[in-house]
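Here the structure comes first, spelled out in C-alpha cells, and everything after it is commentary.
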Amino acid sequence: MKRYSVFAIAREALRHHTGWEKAWASPAPRASYDVVIVGAGGHGLATAYYLGKNFGITNVAVIEKGWLGGGNTGRNTTIIRSNYLQDPSAALYEKARSLYETLSQELNYNIMFSPRGLLMLAQTHHEVRGYLRTVHANMLQGVTTEYIGPQRVKELVPIINIDGPRYPVLGALYQARGGTARHDAVAWGYARACSAMGMHIIQQCEVKGVRSEGGQVTGVETTKGFIGCKKLGIVVAGHSGQVAEMAGFRLPVEAVALQALVSEPIKPCMDVVVMANTVHGYMSQSDKGEMVIGGGTDGFNNYTQRGSFHHIEETLRALVETFPMISRLKMLRQWGGIVDMTGDRSPILSKTPLGNCFINCGWGTGGFKAIPGSGWAMAELMAKGEPGPLAAEFGMERFREGRFIDESVAAGVAH
Amino acid sequence: MTTRLASGGRLIDRSTAHEFTFNGKRMGGFAGDTLAAALLANDQMLVGRSFKYHRPRGVVAAGPEEPNALVNLGAGARLEPNQRATTTELFEGLEAGSQNHWPSLDFDIGILNNYAAKLLPAGFYYKTFIHPRAFWKHVFEPIVRQSAGLGKAPKDRDADRYEQAYAFADVLVVGGGIAGLQAALVAGQSGARVMLLEQTAHWGGRAPVDGVTVDGQSADEWVKNAVQALERMENVTLRLRCCGAGVYDHGYVLADERVADHTPGDGRPKHRLWRIRAGRIITATGAIERPLSFAGNDIPGVMLAAAVRDYVVNFAISPGDRTVVVTNNDDAYRTAIALHQAGLVVPVIVDARAQANGALPMQARALGIRVETGKAIAKVKGGKRVTGVALCAQAGEGAVLEEVACEAVAMSGGWSPVVHLWSHCGGKLTWDAANAHFRPDATRPPTTDDGSAMVIAAGAANGALLAGDCLADGHAAGLAAVGQAGAAAPEAIAADESPMAPVWIMPQGAAPALKAKMWLDYQNDVKVSDVQLAAREGYESVEHTKRYTTLGMATDQGKLSNINGLAVLAGALNTDIPQVGTTTFRPPYTPVTLGALAGEARGEIFQPLRKTPMHGWHEAQGAYFEPVGLWRRPYCFARAGESHAQAVEREVTNTRNALGLLDASTLGKIVVKGPDAGKFLDMLYTGVMSNLAVGKCRYGLMCSESGFLMDDGVVARIDANTFLVHTTTGGADRIHAHMEDWLQCEWWDWQVYTANVTEQYAQVAVVGPNARKLLEKLGGMDVSKDALPFMTWADGTLGGFRARVYRISFSGELSYEVAIPASEGLAFWQTCVAAGAEFGVMPYGTEALHVLRAEKGFIMIGDETDGTVIPQDLNLGWAISKKKADYLGKRGQERAFLASPDRWTLVGLETLDGSVIPDGAYAVTEGTNANGQRNTEGRVTSTYYSPTLKRGIAMGLVRHGASRMGETVEFPKVGGGSVKAKIVDQVFYDKDGARQNV
C-alpha cells in the first residue's frame with residue numbers, strides 16, 4: 001500500500017494523477033477463508049481490520065451485497081459521542097470514540113474526525129435531572145462530560161434560541177471531545193487497510209444461504225458461488241434478520257427506516273453538534289457547509305431506504321424553533337436508512353446457536369459512532385470464540401434473561 | 001457584453017421597469033425578468049465563484065438546474081442564501097449579492113486554489129491533513145470550512161411566515177408544458193378531480209420558445225386557450241409557481257408554492273407547502289439539456305444552448321455579439337436560428353456528428369450560418385469571460401484547426417428527461433440509446449396498493465423529446481390516468497430532427513491536460529479527470545464515485561451533469577452506462593425552504609399548548625411554569641421577592657400545616673367500560689381490579705410486557721361495568737394508546753371500551769389538615785371520615801358545584817381530590833381560594849408536590865423509574881397479585897435478571913451532614929470493572945431539601961438495599977469530593993400515616 005501524504009500528491013500531480021493505485025483490490029472469491037464476514041459496512045470492515053491487526057488473522061473475506069459502505073455507514077448523520085448512561089454502553093462507545101481520535105493516522109486515510117463538541121439540550125426539569133445523572137455516571141466510567149448552563153450553551157452555539165417560549169434551554173450535557181467524522185472515509189479507510197493486509201473485499205456478492213453441518217457453519221452460498229469458512233460473522237445491520245434466518249435462527253430485532261436530510265451549504269455558522277431530545281431534532285454543520293439534520297424513524301417496519309415526509313416536518317419544526325436562522329435555508333436532500341432495532345435499543349454482539357457463527361447487529365439509530373469499538377469487540381469475540389469485556393454484556397441471551405441495557409431511559413432518543 | 005435587445009422578449013413587460021442591486025451596484029430590469037435575465041441585461045455574466053477552486057462562474061442555465069448563479073437574496077431578516085437567479089422573479093428593490101468569494105467577486109483570494117488545482121484532485125483531503133493529529137481540528141478543518149460553504153449564514157429570525165395546505169386529487173399533473181396541459185385537459189374532461197402544477201410563473205414550457213405549432217395555432221395561442229379551458233372546469237385546480245418536490249408512498253406528493261417570493265413583505269405567506277394525496281400522478285416535468293465536456297466549458301459565457309434561446313426569445317437578451325454553437329444534436333440549431341433572427345452573429349455551428357443534414361441544419365445553412373460537422377471545441381479561450389474558441393476534429397486529440405473569436409458559447413449535449421418524481425418512490429429507468437438518456441421504464445413504475453402505476457410519466461419527461469410526440473404522450477397519459485381510451489390528440493408540429501450522437505468527451509481523444517479542464521459539476525469543481533481518477537482508484541460504484549468526487553452533490557443535485565459523469569465513469573471502467581446505473585433520486589426535486597417544511601409552528605404555537613381550566617388563574621398569579629408533555633404546569637407560585645426555592649419551601653410548609661390547593665387536572669383520566677373491563681384491568685395492572693367494590697379506589701401499577709414499571713395511579717370503580725383509571729400526567733395519552741393497542745391487536749374480542757376524559761374534568765387536590773374544613777364550609781355532601789373514608793370516592797355537590805370527590809393522598813396529609821366538570825373548574829378553584837382564606841389556603845406547584853411525596857417515600861414515575869425498574873425493586877410487591885394467572889409484565893419479571901436477589905432496591909438516604917445529595921449521583925464501591933469503570937452499588941433517584949425535616953432527604957436504589965439499613969454509602973460529586981449517606985427507611989415523615997387517616 002502506497003502511503004498517502006501531501007508529498008505523494010505532489011509527485012502524482014506531475015503526471016496528472018495517473019499513478020495512484022486502487023484503494024482496495026476487487027478480487028474474485030477464493031474457495032474458502034478462515035473468516036468470512038457478511039457485510040462490508042463500517043462494522044464489518046472494522047471487524048476484519050481488528051481481526052488482522054489485533055489477532056493476526058488475515059485470511060479473511062468481507063462480502064457485500066452492494067457497494068462497500070453503502071448501507072447505514074454511508075447514510076447517517078456522522079455523530080460521534082460516548083456520553084451514554086449505562087456502563088456497558090459507555091465502555092463500548094468510549095472505546096470507539098477514543099479509537100476515532102487516532103484513526104486517520106492509524107489508517108493513513110483522513111477520516112476527518114472532528115472533536116468539535118456535542119451538546120444534548122435539557123429543556124425540561126426532567127431532562128436536567130437525566131443529564132445530571134449521565135454526568136455522574138460518565139465521571140465514574142471515565143467518559144469526560146459536563147453539565148453546562150444556558151449561557152454557556154449560547155456561547156458555544158450562537159445561533160441557538162435559548163429563550164423559546166415553549167421549551168427554553170435550561171442547560172445541556174456537553175461532551176467536548178464528541179463530534180463528527182467523514183462517514184464514507186471511515187468505510188474506505190478500513191477497506192483500504194484490510195485490502196493492504198491481503199484480505200478480500202468482495203462487492204456485488206449477495207449471500208443467498210448459510211450452509212452448516214452439525215451446528216457449525218461451513219460456508220455461505222452467494223451470487224458469486226459457495227464460499228467456505230471456518231468462522232462466519234454476520235454484520236448486516238438492517239438485514240440481520242434475513243441473514244440470521246438463512247443461518248436458522250431468529251433475532252430480537254426489527255427493521256425500520258430512519259431518516260435524515262441536509263440543507264444547501266452555507267458559510268460556517270455552527271461549530272458543535274446539538275441534539276434536542278425534547279423537541280426531537282439534532283443538527284450539525286458539515287465541513288462542506290450543509291446543515292446535517294437527523295429525523296425520526298417511521299412507525300412501521302420496512303426495507304425501503306427512503307421514508308415518509310411526516311417525520312421530516314416534525315424534525316424541522318423542532319429545529320427551526322431551536323435555531324430560527326435556518327428558516328430560510330433549503331432542504332437539499334432527504335433520505336432514509338434501514339436500522340435494526342432491539343428491544344432495549346442497545347446492540348447485539350453475540351455468539352449464536354451455530355458454534356462458529358457470530359453476529360453483530362442491533363445498532364439501531366446509533367451505529368456509526370461505534371464502528372471502531374464495535375469492530376474491536378467483534379474481532380475479539382470472533383478470534384477467541386468468547387466475548388471480551390467490551391462485548392460481554394451485549395450477548396443476545398440478555399433478552400431471555402431480562403438483562404437489558406436500556407439507554408432510552410436517559411437520553412430519550414439515541415443517535 | 002451581454003445586453004438587452006431593442007425589441008422582443010415574450011415574457012418581459014418593457015413598460016414596467018424595476019430597479020435592483022447586485023453587490024450594491026444599481027441595475028435596471030423589467031417586470032417579467034428573472035434575476036438572471038436582468039443581470040445579463042446589465043452585462044453581469046460573472047455571478048459567483050465555484051466551491052473548491054473559486055473559479056469565476058457565469059449563468060449557465062435558465063431554470064432550476066442552474067449550478068452557478070446562486071445569490072444571497074435580500075438582507076437581514078429576509079436574507080436567503082443560495083437563491084437561484086434563474087428562477088428568481090425580479091421585483092422592485094431586489095437586493096442580491098454574489099457568494100463564496102473574498103474580498104470581492106472580481107478579485108477573490110480563493111482563486112489561489114485554482115492555481116493549486118493539480119494538487120487538489122478529487123479526494124485529496126482523504127490523503128492529506130493527516131499529520132500532525134491536532135492540526136485537523138485546529139488548522140485544516142477551519143480552513144476547509146471557511147473556503148467551503150456557499151451562501152451567507154442568515155443571522156436573524158425569519159421575517160416571513162409560511163403556510164401549509166392539503167389537497168386531494170384523482171389526477172395530479174406536475175408540469176405545465178404542452179404535455180402537462182394536454183394531460184390535464186384530457187383528465188379534466190373526464191370529470192376527474194385534477195390538480196395541475198407548474199414551477200415557473202408561466203404556462204407552456206418550452207414549446208412557445210421553440211416555435212411549435214399546435215392544431216394550427218402558435219404554441220402561445222394554444223397554451224392560452226388550454227389554460228382558459230382548464231380554468232373553466234370546476235374540477236380542475238391550477239397552481240403556478242408551484243414545484244412538485246417529492247413523491248412518497250401511497251400517492252402522497254409534496255409541492256412548494258412560492259406565493260410571495262416576488263412580492264416580499266406584502267403580508268402573504270412566503271411559501272405554501274402543499275401536501276397532496278393523489279390517485280394518479282402524471283409527471284410532465286420536461287427534460288434538462290446536458291452540457292458538453294470540452295476544455296474550458298466552465299468559463300463564464302459558456303451556456304446551455306436552450307438557455308441561450310430562452311434568454312433571447314423570452315427576455316430579449318443578447319449573450320454577446322458572436323455566439324458559437326456547439327452540439328451533438330439538431331435541437332441546438334434552433335438556438336443558432338433564434339440568435340440569427342435576433343440579428344446576432346453565429347460565427348459557426350460546431351457539430352460533433354459526422355453529418356448534419358436534417359431540416360434544422362439545412363435551415364441554418366440556408367440562413368448563411370457556417371456549419372462544421374465532425375468538429376469539436378478543443379478549448380475555450382478566456383478567463384472571466386469567453387473571448388473565443390479553438391476548434392479541432394472531434395475524432396482527434398485536440399490539435400487546433402482554427403480559432404474563432406466569440407463572446408459566448410451555446411452548447412448542447414442532448415437532453416435528459418426529468419425523472420426525479422418518477423424515481424422518488426421506486427420507479428425504474430431504462431437506457432434509451434437513441435437519445436443517450438435514461439427515461440422512465442413504463443413496465444416498472446411506482447405502484448399503488450392495487451399494483452397499478454401510481455406515477456405516469458408524460459412528454460419530454462418520458463423521453464418524448466419532439467413536440468409532436470410530447471403532446472401525444474401527454475394526451476395518452478391523461479387518458480391512462482383516468483382509465484379511458486379516447487379521442488385523438490391534437491397535433492403538434494415542429495421541425496423534424498435527425499438523430500443525435502452521444503458525445504461524452506470533446507474531442508474524444510483528449511489528452512489528460514485537457515480533461516483536467518473539462519468540467520462536469522460546475523459548482524463543486526468536478527472534472528472529467530476527477531471521475532477518471534476515482535475509477536482508477538477503485539471507487540467504481542457510481543455511489544463511490546459520487547461521494548469521492550462530490551459529483552452531483554452540489555445544489556443542483558446533478559441535474560445538469562450526472563449523465564455526463566456516468567458516461568465518463570462507464571468509459572473509464574470499460575462498461576456500458578446502464579451497467580453503471582444512476583445514483584438515487586431523492587426528494588426534493590428542487591430545494592425547499594425549511595421554514596415552509598416547518599410551517600406555522602413557531603414560538604407559542606410551536607406545539608399545541610394544553611391548558612387546564614385554571615391555567616389563566618395561574619398565569620395571573622405569576623406562576624413559574626414547567627413543561628410537562630404539552631401542558632405547562634405551575635412549578636411554584638413565587639411571590640414578589642421570593643426565590644423559587646423559597647416559594648417551594650413555603651408551599652410545602654403551608655400544605656403540611658394548613659391548606660394547599662393543587663391543580664391536578666392534568667392527571668390522566670381514562671374511562672374503561674364494558675362487561676370485560678375488570679378482566680382487562682386485571683391484565684393491565686399488576687394487582688387485581690375486578691374485585692374492587694363500587695365506590696372504592698385502589699392504587700395500581702402498570703408494567704410493560706418486559707416487566708418494567710411504566711405507570712401508576714388510582715383506579716376508581718364507578719359502577720359494575722365502569723372504571724375510571726388515573727394515570728400520570730405524562731402517561732395519559734401513552735397509556736390510552738397502550739390500552740387500545742392491546743384491545744385492538746390482541747384482545748379484540750373483549751367487550752371493553754376506553755375513553756380518555758382527561759380534559760373533561762378539572763381536578764383540584766385539597767390538601768392539608770384544614771382540607772375537610774374547607775369542603776365542609778362549601779357544603780353539599782358528607783366528607784367525614786366515616787362517610788368518605790380513605791381510598792373511597794363519592795358523587796355529590798360542593799358549594800353548588802357537581803363534584804366527584806376522591807379521598808386519596810399523594811402528600812401524606814388529609815387530602816381530597818375533587819373532580820369538577822371542566823367548564824366549572826375555574827369557578828370551583830376560585831371558590832376554594834376564597835373560602836379557604838380563613839384556613840390559610842395557598843396554591844402549590846409541582847415542585848412542592850414532589851417534595852411532599854418524597855418526604856412520604858412515595859415513588860414518582862420517571863424519578864424512581866426509568867424503564868429498567870420493576871415494582872419489586874421499589875418495595876411494591878404488595879401491589880402485585882400473587883393469585884392472578886397472568887398480567888402484562890409477569891412473564892418478563894420471572895426472567896433471571898429481574899428475579900435476581902442482587903437487584904438494586906429502593907431505600908431512603910439520609911446524608912450524614914444534612915446536605916442534599918446531588919441529583920443523579922451514584923453510590924460507589926471499591927475497585928473497577930473489567931472495562932476500567934468504577935464499580936457502583938446504587939444511585940439516587942429523588943433528592944430534595946425537606947422543609948418539613950429541615951435537612952436533605954433522598955430515595956435511591958441500592959444493591960441489597962432493604963437488608964442494609966443503617967449502613968453508609970458514598971456518592972462522589974462532580975468536581976471532587978463526595979457525600980455520605982445512611983441507608984434508612986424510605987418514609988421520612990409520619991411513618992404510620994396518622995396524618996392522612998383522620
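A, B, ... follow the sequence lines: proteins, then strands. Residue 1 opens every chain.
- Across Val279(A), Leu390(A), Thr304(A), Thr124(A), the residue that shares the most heavy-atom pairs under 4.5 angstrom with chain B is Leu390(A).
- Heavy atoms of Leu150(B) lying under 4.5 Å from chain A belong to its backbone as well as its side chain.
- Looking at Thr555(B), both its backbone and its side chain come within 4.5 Å of chain A, counting heavy atoms on both sides.
- If you measure heavy-atom distances from Leu68(A) to chain B, the contacts under 4.5 Å come from both the backbone and the side chain.
- With Gln893(B) contributing its side chain and Leu898(B) its backbone, the two residues share no donor-acceptor pair below 3.5 Å.
- Residue with the most contacts toward chain A among Tyr548(B), Phe124(B), Tyr162(B): Tyr548(B) (heavy-atom pairs, distance under 4.5 Å).
- For His250(B), no part lies under 4.5 angstrom from a heavy atom of chain A.
- With a 4.5 Å cut-off on non-hydrogen atoms, Lys515(B) does not touch chain A at all.
- For a residue to count as touching a neighbouring chain, one of its non-hydrogen atoms must lie under 4.5 Å from one of that chain's; by this rule Ala899(B) does not touch chain A.
- Arg78(B) has no carboxylate O lying under 4.0 Å from a charged side-chain N of Asp158(B), or vice versa, which leaves the two without a salt bridge.
- Highest contact tally toward chain B, considering only Ala137(A), Cys269(A), Gly289(A), Gly70(A), is held by Ala137(A) [criterion: heavy-atom pairs under 4.5 Å].
- By number of non-hydrogen pairs under 4.5 angstrom with chain B, the leading residue of Asp184(A), Asn108(A), Asn138(A), Val6(A) is Asp184(A).
- Contacts between Phe971(B) and chain A at a heavy-atom distance below 4.5 Å are absent for every atom of the residue.
- Glu894(B) has no carboxylate O lying under 4.0 Å from a charged side-chain N of Arg400(A), or vice versa, which leaves the two without a salt bridge.
- At a 4.5 Å heavy-atom cutoff, the contact between Met139(A) and chain B is made by side-chain atoms alone.
- Here the side chain of Asn82(B) pairs no donor or acceptor atom with the backbone of Asn72(B) at under 3.5 angstrom.
- Between Glu321(A) and Arg166(A) no salt bridge is recorded (no basic side-chain N to carboxylate O distance below 4.0 Å).
- Heavy-atom pairs under 4.5 Å with chain B peak, among Ala318(A), Ala185(A), Pro115(A), Ala10(A), at Pro115(A).
- When heavy atoms are compared at a cutoff of 4.5 Å, Leu533(B) approaches chain A solely by way of its side chain, counted from C-beta outward.
- Here the side chain of Asp87(A) pairs no donor or acceptor atom with the backbone of Gln141(A) at under 3.5 angstrom.
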Report task. Take Phe113(A) and Trp136(B) through the test ring-ring contact (aromatic ring centres under 6.0 Å, His included) and record every step on the way to the result. Result -> CA-CA 8 Å; Phe113(A) 174 60; Trp136(B) 175 252; over 10 Å; no
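- With a 4.5 angstrom heavy-atom cutoff, Ala921(B) touches chain A via backbone and side-chain atoms both.
- Neither the backbone nor the side chain of Ala191(A) comes within less than 4.5 Å of any heavy atom of chain B.
- When ring centroids are compared, Tyr131(A) and Tyr147(A) stay outside the 6.0 Å threshold.
- For chain A, the nearby parts of Ala513(B) are the backbone and the side chain; heavy atoms of each come within less than 4.5 Å.
- Ring centroids of Phe140(B) and Tyr125(B) are separated by 6.0 Å or more, keeping the two rings apart.
- Counting heavy-atom pairs closer than 4.5 Å to chain B, the top-ranked of the candidates His136(A), Lys330(A), Arg328(A) is Arg328(A).
- Of the listed residues (Arg133(B), Arg934(B), Gln164(B), Glu847(B)), the one with the most heavy-atom contacts under 4.5 Å to chain A is Arg133(B).
- Ring centroid separation for the pair Tyr252(B) and His310(A) comes in under the 6.0 Å cut-off.
- Contacts between Gln146(B) and chain A at a heavy-atom distance below 4.5 Å involve backbone atoms as well as side-chain atoms.
- Residues Arg536(B) and Glu21(A) are not paired through a salt bridge, judged by the lack of any N-O separation under 4.0 Å between the basic side chain and the carboxylate.
- Salt bridge status for Glu393(A) with Arg403(A): present, with a side-chain N to carboxylate O gap under 4.0 Å.
- Taking Met325(A), Met291(A), Lys267(A) one by one and counting their heavy-atom pairs under 4.5 Å with chain B, the maximum is reached by Lys267(A).
- For a residue to count as touching a neighbouring chain, one of its non-hydrogen atoms must lie under 4.5 Å from one of that chain's; by this rule Ala77(B) touches chain A with the backbone only.
- For Gln607(B), the parts lying under 4.5 angstrom from a heavy atom of chain A are both the backbone and the side chain.
- The existence of a salt bridge linking Arg398(A) and Asp344(A) is confirmed by a sub-4.0 Å separation between a basic side-chain nitrogen and an acidic carboxylate oxygen.
- Ser541(B) touches chain A through its side chain: at least one heavy atom from C-beta onward sits under 4.5 Å away, while N, CA, C and O do not.
- A salt bridge does not link Arg133(A) to Asp919(B): none of the charged side-chain nitrogens sits closer than 4.0 Å to a carboxylate oxygen.
- A salt bridge does not link Lys118(B) with Glu12(A): every distance from a Lys NZ or Arg NE/NH1/NH2 to an Asp or Glu carboxylate oxygen is 4.0 Å or more.
- For Leu273(B), the part lying under 4.5 angstrom from a heavy atom of chain A is the side chain only.
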